[in-house]
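Notes to accompany the following structure.
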There are 2 protein chains.
Amino acid sequence: MESRNMNIYDIAKEAGVSISTVSRVLNHKGNVNPATRERVEEVLERNHYTPSAIARGMVSKSMRTVAVLTVDIRVPHYARTAYTIERELSHRGYEVTLCNTGGEAEETEKYLQTMLEKKVDGIVLVGSVFNTICKKPEIKKLLRTVPVVLANGKLEMANSYSVLVDDKYGIALAVNELLKKGHRDIYYVKDMDTVSARLKWEGFVDTLQHAGIAEAKKKVLHTTSDLEGGMRAVRELIQSGKKFSALVCGEDITAAGAVKALLQEGYRIPEDVAVTGYNNSEYARICEPTLTTIDNKPELVAMFSVQLLTSLIEKTDAYSSCTIQPELVAGKTV
Amino acid sequence: MESRNMNIYDIAKEAGVSISTVSRVLNHKGNVNPATRERVEEVLERNHYTPSAIARGMVSKSMRTVAVLTVDIRVPHYARTAYTIERELSHRGYEVTLCNTGGEAEETEKYLQTMLEKKVDGIVLVGSVFNTICKKPEIKKLLRTVPVVLANGKLEMANSYSVLVDDKYGIALAVNELLKKGHRDIYYVKDMDTVSARLKWEGFVDTLQHAGIAEAKKKVLHTTSDLEGGMRAVRELIQSGKKFSALVCGEDITAAGAVKALLQEGYRIPEDVAVTGYNNSEYARICEPTLTTIDNKPELVAMFSVQLLTSLIEKTDAYSSCTIQPELVAGKTV
DNA sequence: CTGTTAGCGCTTTCAT
DNA sequence: ATGAAAGCGCTAACAG
């Protein structure tokens with residue numbers, strides 16, 4: 001590694017000017033004699049001068065950084081959201097600190113504490129779990145001092161905005177599609193236990209009840225949020241001997257598992273059993289037949305989140321919370 | 001949002017002590033009278049005092065932050081690597097700034113510039129593209145002043161370490177598996193054009209030639225790095241009328257596409273055509289039949305990267321660059 | 001055990 | 001058009 005970085009004093013001395021002048025040419029602010037400017041710029045260039053964002057932050061009280069808290073960046077849906085948030089913020093001159101909280105309150109609290117010490121300009125919470133986590137008073141207290149946006153969730157605080165996804169409506173789209181094709185024996189494959197997961201489940205039950213189908217509440221298969229979870233749910237359903245002609249899954253990954261298990265058991269899709277997924281992910285396209293799924297638009301969620309956060313940070317209060325409507329994406333499994 | 005944050009002076013005044021004493025109790029450093037300590041802690045508590053990491057960074061010249069540059073966090077392989085890096089660094093008290101460079105030199109340069117201004121403690125470059133990008137003098141110059149680890153690549157600099165994945169060997173594993181099963185008409189589905197992609201291709205050619213198979217170099221299908229790319233490669237191969245019994249793919253996603261296209265065209269897998277993927281990703285497991293693939297161990301790469309980076313940062317020069325050997329993971333496509 | 005003081009590198013008045 | 005000086009919030013000698 002090379003010698004110590006030069007600071008603004010070193011540059012000033014070498015250029016034979018004061019630090020104020022250097023600062024002026026650095027920030028293109030105020031008037032500087034063209035000749036002086038040129039001389040300073042030459043010195044800057046020659047020494048590969050890099051201003052210290054820390055020292056600047058000391059004055060401005062901002063490092064132009066936003067914290068993005070997510071459950072687990074390996075989950076494609078979160079990756080898509082975080083990606084778009086990062087790119088958008090980068091264009092606006094902010095860097096993103098990534099925090100994988102595992103959906104745990106304790107980790108969330110630790111990360112938030114550190115982020116507050118680092119004086120982040122704002123925080124984006126990506127995922128419906130944060131609805132629950134933010135209810136905890138110790139977390140709520142931490143969030144009170146900084147602009148916050150909750151991507152897919154509602155936060156009741158003056159310094160926060162929410163971007164909501166109408167997941168209840170999303171699942172209703174899937175159920176209605178199946179009803180339209182004449183399906184009556186429809187089961188729901190439920191994995192997680194977040195606010196969003198609950199909304200999906202409600203969407204399923206309400207839509208079935210609305211269609212006059214009995215015992216909708218009993219038609220739920222609980223499982224884990226992975227490929228194996230989808231497979232297990234199907235095997236248990238088959239074993240139970242219950243009659244079924246369609247499965248609505250809360251995630252593409254469980255839907256892919258369901259399809260896999262059904263095929264292995266000799267069912268034809270969609271002739272014998274129809275399946276729907278959720279997220280419109282790459283998983284849906286890899287699955288053969290391609291999954292009919294629900295697009296819950298993570299990129300749009302990300303764009304709105306960034307828009308709201310920056311309006312909160314820069315106090316250009318022109319926006320407010322918003323809700324996004326999912327769409328059905330037709331595949332070959334219905 | 002609440003009132004202005006208190007600083008160490010406010011606390012000192014309220015506790016009736018000097019800022020040094022407050023600093024001492026804050027950092028559990030030096031001796032403080034238990035009674036005084038308690039009083040200060042009470043004031044700290046009552047005011048929800050949060051020390052400024054920026055001011056601390058001003059003194060220590062470090063914000064305990066590491067930049068992770070990757071091509072695109074939405075690519076599962078990078079997500080797995082970045083996830084593990086983030087979690088490991090978090091345990092060691094560092095935060096991670098995520099940068100999606102798109103594999104472009106210009107974006108990389110911009111991000112690096114900013115990261116240097118923010119005085120990051122180190123940089124991890126995730127992905128073989130950075131081999132090429134870091135050759136550019138303007139990029140190389142930027143990297144010269146900070147600890148760097150290249151995850152899957154070689155960087156010839158005093159302040160850097162490398163974690164290499166033996167991708168040539170990885171593909172050789174796949175090819176040998178196919179040769180063992182009697183396959184002779186094997187094609188390689190090549191997508192990208194990075195150092196790693198080239199190594200894979202070399203592994204394919206060398207292994208075939210070693211087995212005495214003619215024209216190995218001509219048995220390459222060029223395509224894009226996505227599901228559609230894998231499908232297209234297969235369709236073109238079929239259309240060409242060439243004889244083939246096995247496909248070695250450079251990525252799971254192209255392998256999944258190949259499988260999909262083959263099934264749609266009526267081929268049985270693996271009876272008519274065998275297929276291998278690369279990455280041991282979720283895609284390999286979703287694919288039906290499950291892909292035989294190569295595990296290139298992103299988590300291990302991440303662990304080593306963090307180990308090497310922290311040894312570089314803390315100057316505990318006990319480690320050096322290392323190479324990771326992939327492993328074959330048997331699926332049902334061979 | 002505690003307080004005083006000098007930076008850390010920069011921006012920002014305020015003079016000149 | 002330029003410079004001098006204060007201050008951002010903290011740590012780390014150094015004194016007492």
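Note that the structure is predicted; figures quoted are calculated from it, not measured. Below, read A as the first sequence line, B as the second, and so on, with proteins coming before strands; counting in each chain starts at 1.
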Contacted region of DNA chain C by chain A, from 5' end to 3' end of the hits, cut-off under 4.0 Å to heavy atoms, spans C/dG9 to C/dT12
For DNA chain D, the residues among residues 22-46 of chain B that have a non-hydrogen atom under 4.0 Å from it:
B/Ser23, B/Asn27, B/Lys29
Would you state whether a donor and an acceptor, one from the side chain of A/Thr21 and one from the base of D/dA1, lie under 3.5 Å apart?
no
Once rounded to the nearest 0.5 Å, what's the spacing between atom OH of A/Tyr83 and atom CG of B/Asp72?
4.5 Å
Taking 4.0 Å as the cut-off, does a side-chain nitrogen or oxygen of B/Arg56 come that near to OP1 or OP2 on D/dC10?
no
CD1 of B/Ile11 versus P of D/dG9: gap in Å, rounded?
12 Å
Which residue lies toward the 5' end of DNA chain C, B/Gly16 or A/Val59, if each is placed at its nearest nucleotide?
B/Gly16
Please determine whether a side-chain nitrogen of the Lys or Arg among A/Glu14 and A/Arg46 lies less than 4.0 Å from a carboxylate oxygen of the Asp or Glu.
yes
Quick one: label A/Ile54 by what it contacts on the DNA or RNA (base, sugar-phosphate, nothing), any heavy atom closer than 4.0 Å.
nothing
Show every side-chain hydrogen bond (donor to acceptor under 3.5 Å, both in side chains) that has at least one partner inside residues 22-34 of chain A, sequence neighbours left out.
A/Ser23-A/Asn27, A/Asn27-A/Arg56
Quick one: CG on A/Leu69 to SG on A/Cys99, what's the gap to the nearest 0.5 Å?
4.5 Å
CG on A/Leu98 to OG1 on B/Thr97, rounded to 0.5 Å
9.5 Å
Determine: side-chain N/O of B/Ser52 to OP1/OP2 of D/dG9, distance under 4.0 Å, yes or no.
no
Value rounded to 0.5 Å, distance of CG in A/Leu143 from CG in A/Leu116
7.5 Å
What is the distance, rounded to the nearest whole Å, between atom CD1 of B/Ile8 and atom P of D/dC10?
5 Å
Any salt bridge between A/Glu95 and A/Arg64, counting N to O under 4.0 Å?
no
Over 12 non-hydrogen atoms of neighbours within 6.0 angstrom of CD in A/Glu106
no
More than 12 heavy atoms from other groups under 6.0 Å of CD on B/Glu38:
no
Give me the bend of the helix from C/dC1-D/dG16 to C/dT16-D/dA1, using the axes of the five pairs at each end, rounded to 10°.
40°
All side-chain contact (heavy atoms from CB on, under 4.5 Å) counterparts of B/Ser160, not counting sequence neighbours
B/Val148, B/Leu155, B/Met157
How would you list, by chain and number, every residue that makes a side-chain contact (heavy atoms from CB on, under 4.5 Å) with A/Glu104, sequence neighbours excluded?
A/Glu107
